[in-house]
Amino acid sequence: MKKIFISLLSLAMSAAILSAQGNDSETYDYTGRFYLSVQGGAHVSASENAYSYRKEGRMTDLIKPQGYLSLGYDFSRAFGARFSLGYGSEAGAFNYKQSFEFFRPYTFTGIEAFADLVVNLKGLANKVGPFSPKLYAGLGYARTWGMEDAYDNYEPHWAEKYRTDPNNCFGFRGGFIAEYDFKCGFGLFCDLGAELFSDSFNGQNPRKWKDSAYYNPADPGFPFDLRTVASLGIVYHF
């Protein structure tokens, strides 16, 4: 009798486990569903003359706020796509030679739009659950404007002709998402990524300065403006 009871208990527990797995599979399988997410955090710029912030002991001035609103869709457990709109403030600086060996930082504003391919690493093994590690890569467009600094209204204008405003750029990015979802459809996530924009993103493109004494054909600078981004967000799966 005891053996029969143990056997029945074991079968009941097995059935409960299988049932729970089935429910989880149904709950966290977002195939064919849209999601909306909002995230905010900070980015660090690494473009022309960012070294001057380090030289002046003001590296923290390169850290600026950034926010994104995204609409996504999961084609399968493994693959999805999202479209994101971002807005944030930026920091740049003139070259020391352009500003008579004077530290001349400036700020500006930027908006970005990205289309990303998103890969759910757990989904590649045909598994789902509350935690989802994801990788993404995408292409995008950015516009920057409002290049301003404390010396714009001074005479003479030291180097304004080497700074363009506004600027239209293309970009590409990649990163990692760690997402934890609840059964109600809401979830929390952390997004760590890197974004590269064409060289005029920060208003400066040394390759266009061929008529100036600051152009060095042997070293025209890195062809992209780089940002590293870290943010936290909330997502809802419809």
Side-chain angles (χ1 to χ4, degrees), residues 39-69 84-114 140-175 191-232:
Q39 64 194 88
H43 64 257
V44 179
S45 300
S47 53
E48 284 90 5
N49 309 315
Y51 72 91
S52 61
Y53 284 83
R54 181 177 67 251
K55 185 175 181 180
E56 295 289 329
R58 294 176 56 177
M59 285 291 290
T60 56
D61 289 353
L62 290 173
I63 303 174
K64 297 296 182 182
Q66 181 73 23
Y68 274 104
L69 174 66
S84 301
L85 288 174
Y87 178 86
S89 59
E90 315 286 342
F94 283 100
N95 186 285
Y96 275 108
K97 292 181 179 179
Q98 293 171 297
S99 53
F100 301 100
E101 301 298 325
F102 188 79
F103 178 54
R104 186 178 172 185
Y106 58 88
T107 58
F108 57 101
T109 303
I111 59 171
E112 304 87 39
F114 278 98
Y141 157 85
R143 181 178 177 85
T144 58
W145 72 92
M147 310 281 170
E148 297 179 351
D149 68 76
Y151 301 94
D152 280 346
N153 297 321
Y154 279 44
E155 294 288 348
H157 294 290
W158 292 346
E160 280 79 357
K161 73 175 184 177
Y162 299 114
R163 187 178 67 188
T164 56
D165 184 2
N167 305 283
N168 295 291
C169 319
F170 72 88
F172 54 96
R173 69 178 182 178
D191 188 330
L192 303 175
E195 302 172 347
L196 284 84
F197 299 96
S198 51
D199 210 12
S200 58
F201 179 82
N202 68 334
Q204 299 189 51
N205 188 345
R207 288 162 182 75
K208 295 183 178 180
W209 301 344
K210 295 183 179 181
D211 61 339
S212 77
Y214 310 117
Y215 178 71
N216 181 358
D219 183 22
F222 189 63
F224 297 98
D225 292 331
L226 170 68
R227 298 192 319 183
T228 55
V229 185
S231 60
L232 298 174

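Please read all numbers here as calculations on a predicted model, not as lab measurements.
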To check you understand the geometry: which heavy-atom pair defines the closest contact between [X] and [Y], and what is its length?
{"X": "Ala113", "Y": "Leu85", "result": "CB-CD2, 3.7 Å"}
{"X": "Ala42", "Y": "Ile63", "result": "CB-CG2, 3.9 Å"}
{"X": "Leu192", "Y": "Ala230", "result": "CD2-CB, 3.7 Å"}
{"X": "Phe201", "Y": "Asn167", "result": "O-ND2, 4.3 Å"}
{"X": "Lys64", "Y": "Ser89", "result": "CB-O, 3.1 Å"}
{"X": "Gln66", "Y": "Gly88", "result": "OE1-CA, 3.4 Å"}

For this session: Please report the C-alpha distance between Asn202 and Glu48 in whole Å, then the side-chain angles of each, then the deciding distance to 0.1 Å, and finally whether the side-chain hydrogen bond (donor to acceptor under 3.5 Å, both in side chains) criterion is met.
Result: CA-CA 8 Å; Asn202 68 334; Glu48 284 90 5; 3.1 Å; yes
Distance check, rounded to the nearest 0.5 Å: [X] atom [atom1] versus [Y] atom [atom2]?
{"X": "Gln204", "Y": "Tyr106", "atom1": "CD", "atom2": "OH", "value": "3.5 Å"}
{"X": "Tyr68", "Y": "Glu112", "atom1": "OH", "atom2": "CD", "value": "4.0 Å"}
{"X": "Trp145", "Y": "Thr164", "atom1": "CH2", "atom2": "OG1", "value": "14.5 Å"}
{"X": "Asp61", "Y": "Glu56", "atom1": "CG", "atom2": "CD", "value": "10.5 Å"}
{"X": "Glu148", "Y": "Thr109", "atom1": "CD", "atom2": "OG1", "value": "8.0 Å"}
{"X": "Met59", "Y": "Tyr51", "atom1": "CE", "atom2": "OH", "value": "13.5 Å"}

For this session: Indicate, with yes or no, if the rings of Phe103 and Tyr53 have centres closer together than 6.0 Å.
Result: yes
Whether [X] side chain and [Y] backbone form a donor-acceptor pair below 3.5 Å:
{"X": "Asn168", "Y": "Arg143", "value": "no"}
{"X": "Ser198", "Y": "Cys169", "value": "no"}
{"X": "His43", "Y": "Ala194", "value": "no"}
{"X": "Thr144", "Y": "Gly110", "value": "no"}

Taking the side chain as C-beta and beyond, is there a heavy-atom pair between [X] and [Y] under 4.5 Å?
{"X": "Asp225", "Y": "Asp199", "answer": "yes"}
{"X": "Glu90", "Y": "Ser45", "answer": "yes"}
{"X": "Arg58", "Y": "Pro105", "answer": "yes"}

Exercise. Angle class for the Phe170/Phe172 ring planes (parallel below 30°, perpendicular above 60°, tilted otherwise)?
Worked result: parallel
For this session: Output, in order, the C-alpha distance, side-chain angles, deciding distance and verdict of side-chain contact (heavy atoms from CB on, under 4.5 Å) for Phe197 and Arg227.
Result: CA-CA 8 Å; Phe197 299 96; Arg227 298 192 319 183; 3.8 Å; yes
